[in-house]
Amino acid sequence: MTSQVPSAAELAELKAGLHRLARNLWWTWNQDAQDLFQELSPRSWQNLYHNAVAVLREVSDYELRVHLMEPEFRQRVREVLACFDGYLKEPNTWAREGAPALSGRPVAYFSAEFGFHETLPIAAGGLGVLAGDHAKAASDLGIGFVGISLFYREGYFQQAIDQHNWQTEYYSNLDPKNLPIEQVLDAKGEPVRSSVRMGFTTVHFQAWRVNVGRVPVYLLDPYVEENEEHYKKLAARVYGGDSTTRIMQEILLGVGGVRLLRALGIEPSVYHMNEGHAAFLILELARERMAEGLPFEQALASVRSECVFTTHTPVEAGHDRFSNELMGFMGQKFVQQLGLTQEQLMALGRVHPSDSHEPFCMTVLALKGSRAANGVSELHGQVSREMWQGLFPGKAVKDVPIGHVTNGVHLPGWMKGTVRRFWYNKYCDWERANGSAQPSAPHIRTADSWERLVNSPEFWSRITDPSVTSDEELWSLRYKLRRQLVEFARRRLLIQGQRISQRDFIEFDQLLSTDALTIGFARRFATYKRAPLIFDQFENVLKLVRDPLRPVQFVFAGKAHPRDDAGKSYIQKVIHLSKHSDLKGHLVFVENYDIHVARQMTSGCDVWLNNPRRPLEASGTSGMKTSTHGCLNLSILDGWWREGWDGVNGFAIGEDSHPTDVAEQDRRDSENLYKVLTEQVIPCFYNRDADGIPRQWIKRMRAAIGKLAPEYTTWRMVQEYVAKYYLTHS
Ligand SMILES: *Cc1c(COP(=O)(O)O)cnc(C)c1O
């Protein structure tokens with residue numbers, strides 16, 4: 001470290017480096033990078049909701065310069081930038097051996113939503129978060145990858161709860177200047193433009209690039225002068241508006257996405273549709289092939305050989321369907337360009353092509369236009385084969401060509417700061433104990449070695465060994481994380497209470513306990529997820545909560561779709577209980593669930609509750625975010641948990657089966673949930689030895705961390721997509 005005064009050139013370079021860093025989401029999964037932004041202004045960091053770009057705008061050039069005069073800070077900026085540049089330039093990525101064919105001809109991954117970070121709220125839920133994690137892992141693995149989505153200028157809605165405990169929605173305007181995005185420019189420095197046809201109108205669009213480590217994700221944006229007001233706003237909100245808005249957004253995504261790739265000179269080798277929203281890309285690709293002289297059938301066959309499709313839900317509402325009229329009007333260009341009749345076009349989106357009453361289903365188009373398709377867990381694969389069997393007449397269910405790739409999470413991104421540092425230090429301990437020369441420089445590892453490490457089973461088996469990490473250390477980690485969550489929830493509740501000037505306000509320190517077994521539930525309030533299920537046993541739950549020796553408490557969060565009144569009534573029920581029943585103080589609802597709330601909760605809870613109506617939870621990915629934090633899953637054997645649970649690494653509610661009668665299912669699941677809770681979860685958590693340590697619980701934590709953390713990652717998942725879907729041709 002040198003205390004010499006830095007040259008003006010060096011200062012300018014470091015300043016530029018920080019700005020570059022803020023506009024690449026890599027910093028969100030590198031703790032040292034994040035620490036730099038946070039330290040520049042801890043208060044702005046909090047007030048600006050962890051927005052590195054906005055923090056840098058807040059800090060004047062002069063102030064930044066002065067900070068950089070400080071040798072220690074300057075040195076850390078240098079190290080982080082060296083690590084960042086090393087990451088960007090690393091030649092020896094996994095993909096060099098694992099997917100060389102994709103380097104020149106990338107995967108084009110289309111998704112209506114991407115959840116990267118709380119500062120770019122363009123995701124509605126799990127589908128988007130998965131897409132964001134997919135992109136981050138593609139970057140870590142060094143895969144040729146481009147993402148395509150829309151720039152929603154009002155993002156996804158923010159949730160506020162009114163006096164009647166009813167969810168209301170509000171929207172804020174996202175300002176590109178304050179976001180980690182860059183306008184896409186051509187060689188002359190002009191914004192890249194293209195257009196698509198919708199009905200009688202030509203809709204123009206520009207694009208923004210999100211830098212996700214090594215890979216770009218492009219967001220199409222129709223908010224340009226040439227468009228009429230109505231069209232400018234067509235992508236204002238994630239899944240906003242009626243089915244007319246929906247089909248327009250999807251034409252923009254599918255057709256516009258392909259045109260943007262062409263404008264940028266990108267030639268993908270495979271098009272991956274993340275859910276059916278982007279399936280119009282098939283028709284645009286077919287149009288291109290026909291322009292090269294192929295007749296429609298051959299053009300479609302050729303397109304099929306380049307497309308793959310992932311379906312994400314068995315729930316009907318998750319599959320867009322458009323009427324004959326809407327397709328007839330909005331899709332008239334498809335009919336003309338592809339030389340089809342309206343009926344022939346409709347047939348592409350129908351299970352029964354000649355059924356003139358059947359609407360146009362985007363999932364059907366995606367399945368018909370893809371060389372391969374998959375669900376997102378083993379059980380979901382099975383359910384999808386049953387669901388879409390009708391598309392494959394004569395095939396038995398088991399032969400329906402829909403496989404599965406079980407979802408994962410981007411581990412380096414989902415680890416909370418406390419936990420990143422904890423495991424990092426533990427690994428250094430292990431290295432020291434095992435005689436490796438000099439452990440890597442404190443906190444900093446070069447290039448992608450940290451990403452590789454945390455995704456390897458060896459890493460987790462080494463550091464979860466009791467000789468490296470003792471029970472006492474793990475227990476104290478749990479205490480830190482639980483306290484962080486409790487304090488986070490109290491702060492949020494304070495703000496929520498102030499907003500509606502609530503009279504029945506709970507004293508700050510009466511709210512939740514930092515010692516109690518903390519059960520978390522946070523996900524979209526879709527009814528099949530049955531958020532209030534546990535309160536079916538209200539009197540019993542009350543006893544558990546009031547037990548002075550073995551208390552439990554609950555933290556809930558989640559948004560209902562703006563038009564889902566049943567979901568909203570579930571929210572109302574939970575909040576009502578939290579305020580007006582004897583659960584008060586032991587049950588809280590944290591408003592405005594998003595990636596930040598998800599991170600606090602999946603790290604701070606002791607138990608992660610998941611009680612969907614099986615088999616409707618295709619994956620249930622949030623449970624995977626808990627593992628590195630030592631939180632245990634308590635879940636129905638649906639989605640990923642049916643594969644992940646091994647009897648020790650968490651808890652199962654019920655059997656690997658379900659009754660056909662829904663009322664019966666709800667009743668049984670509620671009983672089983674209470675049974676597991678009282679017979680297994682609570683006794684295990686509170687069974688402490690003479691030193692006050694719950695040895696059996698910690699044994700389960702070790703099993704969860706060691707087995708689940710390295711398995712349920714997008715690092716594993718994306719490799720599986722490469723092997724099974726990206727590099728194989730049928
Ligand atoms: C992880 C995540 C989800 C997905 O949760 P499920 O378990 O699939 O219900 C949804 N929303 C946010 C904000 C998330 O971080």
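Just so it is clear, the values below take in all heavy atoms, side chains as well, and ignore hydrogens, waters and symmetry mates. Numbers here are sequence positions counted from 1.
- Taking Glu316 as the reference, Arg321 meet the salt bridge (Lys or Arg N to Asp or Glu O under 4.0 Å) condition, with sequence neighbours excluded.
- By the 30° and 60° cut-offs, the orientation of the rings of Phe521 relative to Phe556 is parallel.
- Of the N and O atoms on the side chains of Asn687 and Gln696, not one donor lies less than 3.5 Å from an acceptor on the other residue.
- Between Ile653 and Val676 the shortest heavy-atom distance is CA-CG2, 4.2 Å.
- For the pair Ile534/Tyr674, no side-chain contact is recorded, criterion being any heavy-atom separation below 4.5 Å from C-beta on.
- Using modelled atom types, one side-chain atom of Tyr686 and one backbone atom of Leu517 make a donor-acceptor pair closer than 3.5 Å.
- Between Thr311 and His380 the shortest heavy-atom distance is O-CE1, 3.1 Å.
- Partner of Trp450 under the ring pair (Phe, Tyr, Trp, His ring centres under 6.0 Å) criterion, chosen from Tyr424, Trp29, Trp423: Tyr424.
- Between Glu720 and Arg716 there is a salt bridge, since at least one side-chain N of the basic residue sits less than 4.0 Å from a carboxylate O of the acidic one.
- Across every non-hydrogen atom of Ala135 and Phe114, the tightest pair is CB-CE2, 4.4 Å.
- Two rings, from Tyr725 and Phe309, have their centers 6.0 Å or more apart.
- Taking the six-membered ring for Trp and the full ring otherwise, the centers of Phe488 and His596 sit less than 6.0 Å from each other.
- With sequence neighbours excluded, the residues that form a salt bridge (Lys or Arg N to Asp or Glu O under 4.0 Å) with Glu671 are Arg667.
- Not counting sequence neighbours, the partners of Asp429 by the side-chain contact (heavy atoms from CB on, under 4.5 Å) test are Lys426, Arg432.
- In this structure, His272 has its ring center closer than 6.0 angstrom to the ring center of Tyr721.
- Remark: Lys559 is positioned above the aromatic ring of Phe157, its terminal NZ or CZ atom under 6.0 angstrom from the ring centre and at most 45 degrees off the axis.
- When the side-chain contact (heavy atoms from CB on, under 4.5 Å) test is applied to His561, the partners found at least two apart in sequence or on another chain are Arg563, Asp564.
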query = Are Phe554 and Phe535 close enough, and set up right, to give a ring pair (Phe, Tyr, Trp, His ring centres under 6.0 Å), and what steps lead you there?
reply = CA-CA 11 Å; Phe554 299 92; Phe535 304 116; 5.7 Å; yes

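- Of all the heavy atoms in Thr527 and Gly567, the pair that sits closest is CG2-N, 3.9 Å.
- A distance-only check finds no donor-acceptor pair linking the side chain of Asn374 to the backbone of His404 [under 3.5 Å].
- Evaluation of the side chain to side chain donor-acceptor pair (under 3.5 Å) test over residues 113-131, restricted to residues two or more places apart or in two chains, returns His50-Glu118, Glu113-Tyr239, His117-Thr119.
- At least one side-chain heavy atom of Arg613 sits under 4.5 Å from a side-chain heavy atom of Asp666.
- In this structure a side-chain-to-backbone donor-acceptor pair under 3.5 Å is present from Asn649 to Asp646.
- With Tyr528 as the aromatic partner, Arg524 does not meet the cation-pi criteria of under 6.0 angstrom to the ring centre and within 45 degrees of the ring axis.
- Side-chain N or O atoms of His576 include none that pairs as donor or acceptor with a backbone N or O of Gln572 at under 3.5 Å.
- Crowding of Lys699 atom NZ: a count of heavy atoms from other residues, nucleotides or ligands under 6.0 Å not exceeding 12.
- No more than 12 heavy-atom neighbours from other residues, nucleotides or ligands sit within 6.0 angstrom of CD on Glu655.
- A side-chain donor-acceptor contact under 3.5 Å links Gln484 and Lys416.
- Scored by the side-chain contact (heavy atoms from CB on, under 4.5 Å) test, Ser635 finds Asn610, Trp641 as partners (sequence neighbours excluded).
- Annotation: Trp697 is in aromatic contact with Phe651 [ring centroid separation under 6.0 Å].
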